[in-house]
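Here is the naming used below: chain letters follow the sequence lines, and residue numbers restart at 1 for every chain.
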Amino acid sequence: MRRVLRVQTKAFDASAEIAALGLGAETGALVTFTGLCRDDGGTLAALEIEGYPEMAEAEIGRVAAEAERRWPLDAILVIHRTGMIAAGEAIVLVATASAHRGEAFDAAEFLMDYLKTRAPFWKKAHRRDGSAGDWVAAKEDDEAAVARWVSSKPTAL
Amino acid sequence: MRRVLRVQTKAFDASAEIAALGLGAETGALVTFTGLCRDDGGTLAALEIEGYPEMAEAEIGRVAAEAERRWPLDAILVIHRTGMIAAGEAIVLVATASAHRGEAFDAAEFLMDYLKTRAPFWKKAHRRDGSAGDWVAAKEDDEAAVARWVSSKPTAL
Amino acid sequence: MKARYFAWVRERIGLAEEDIAPPASVKTIADLIAWQQRRGENYAAAFANAGAIRAALDRQHVKAGAPIAAASEVAFFPPMTGG
Amino acid sequence: MKARYFAWVRERIGLAEEDIAPPASVKTIADLIAWQQRRGENYAAAFANAGAIRAALDRQHVKAGAPIAAASEVAFFPPMTGG
């Protein structure tokens, strides 16, 4: 089991990070998710991401451990950035590797749903017109997305 | 909408292919799936993939069009290899980009489920002990995986 | 019409493709499979289990009941195992 | 105990962290939020809508009813919007 979990301010190179996992020939399926900063119809210049770093690392570790408990995974990678992230840049990278695609897809989606609703990060929008940033509101969709994992299998989270 | 669909014998560079899509700042979510040749507990040397190239291109085009009809996607990438593929090498790459993660995940999984069961490719196993290859049998799991998309929404496929 | 064979169907027949001219009584894919079964030992082996054979007409998947009259290319193959 | 504040909770209070010493009658997160509401205008603004506040004790999510006695660090913040 390869596990890389990191919170950082600098940009990441997704392909280098995945190559560094050193997947073996038991892996048949690799799923990656990259979350990118949208420009919101051209109005958004950047997102500023505030984190609670010590808790974020602990929480990401708990979510990764739960994913490993639920699915037979060969590798989990989670990198989440904080600080100023310009429109078009990547915010988060999740990768999961498994023998079969169903497990890799489910685990990646599970990790993202939990990161969205449980990892202590908050986004502030910086507009192109220079107006004061507003905090991005949490989405009910995200709460609904995470709820489906609770109903399907018991969780320690 | 960016659409790249290709059948080829040579290996691909996933990150270069995705960079070449030239995603814009309307994309918030990028999901990639890479299908890799497993070594089957060290016994498998390579998979030989036979294709029906003209039909494969037509069929992948139909599946991609159906994915575009179902989800608001910014990009679809499908690259499927044929010929001899050594254990550890990539066989297939699927990437989907959308504003939001749910759509990108669903579309990627949909594409893979359909490719597995409808794209005209067949795998022959070449063993390390040099024994004559056997054709890989289709899995009932794959039929079950594709069936869920039919029950959830009507399809033109 | 042109017939194309893939994977173990191709191996058992010993041909990747050929031109075939079934009689007018052969109207559907199912009829065509039954006709192929009678063309010799290699065809009998390839088409022995009709339930294990998939077919395409002009590069589109079809069911056993599909009429073949309008097609110029028919293909026979096992269930797909790509991806 | 140490209190930490994030996002608009931090901005409204005007502090990222501080040491707090609530009275012994403050036993749960809900009690602590009610106590914070009475500490001044900035705290009142930050904690006005208790339902919009999430809390962690020693870096683990907790509900409003969680007892605070054993914790050395409490954090208050809005619902998370990372990922």
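Side-chain contact between B/Lys124 and B/Leu47: absent, with no pair of heavy atoms (C-beta onward) separated by less than 4.5 Å. Taking 4.5 Å as the limit, every side-chain heavy atom of A/Val78 sits out of range of all side-chain heavy atoms of A/Arg3. For the pair B/Trp71 and B/Ile76, the minimum side-chain heavy-atom distance is 4.5 Å or more.
Using a cut-off of 4.0 Å between Lys/Arg side-chain N and Asp/Glu carboxylate O, A/Arg127 and A/Asp40 are scored as salt-bridged. The residues B/Glu143 and B/Lys116 are annotated as not salt-bridged, no charged nitrogen and carboxylate oxygen being separated by less than 4.0 angstrom. Note on A/Arg70 versus A/Glu66: salt bridge recorded, some NZ/NE/NH1/NH2 to OD/OE distance being below 4.0 Å.
Residue contact with chain B, scored on non-hydrogen atoms closer than 4.5 Å, is absent for A/Ala97. Contacts between B/Ala29 and chain A at a heavy-atom distance below 4.5 Å involve backbone atoms as well as side-chain atoms. Neither the backbone nor the side chain of B/Ala90 comes within contact range of chain A, judged by heavy atoms closer than 4.5 Å. Looking at B/Asp113, both its backbone and its side chain come within 4.5 Å of chain A, counting heavy atoms on both sides. Interface residue B/Ala145: only side-chain heavy atoms are found under 4.5 Å from chain A.
Among A/Ile91, A/Asp141, A/Asp39, A/Asp13, the residue making the largest number of heavy-atom pairs under 4.5 Å with chain B is A/Asp39. In terms of non-hydrogen atom pairs under 4.5 Å with chain B, the most contact-rich of A/Val94, A/Leu23, A/Ile18, A/Thr34 is A/Thr34. Looking only at heavy-atom pairs under 4.5 Å with chain A, the residue among B/Glu26, B/Arg38, B/His100, B/Glu89 that has the most is B/Arg38. Residue with the most contacts toward chain B among A/Thr27, A/Val31, A/Thr32: A/Thr32 (heavy-atom pairs, distance under 4.5 Å).
Between A/Phe33 and B/Phe105, the ring planes are parallel. Angles under 30° get that label, and only those over 60° would be called perpendicular.
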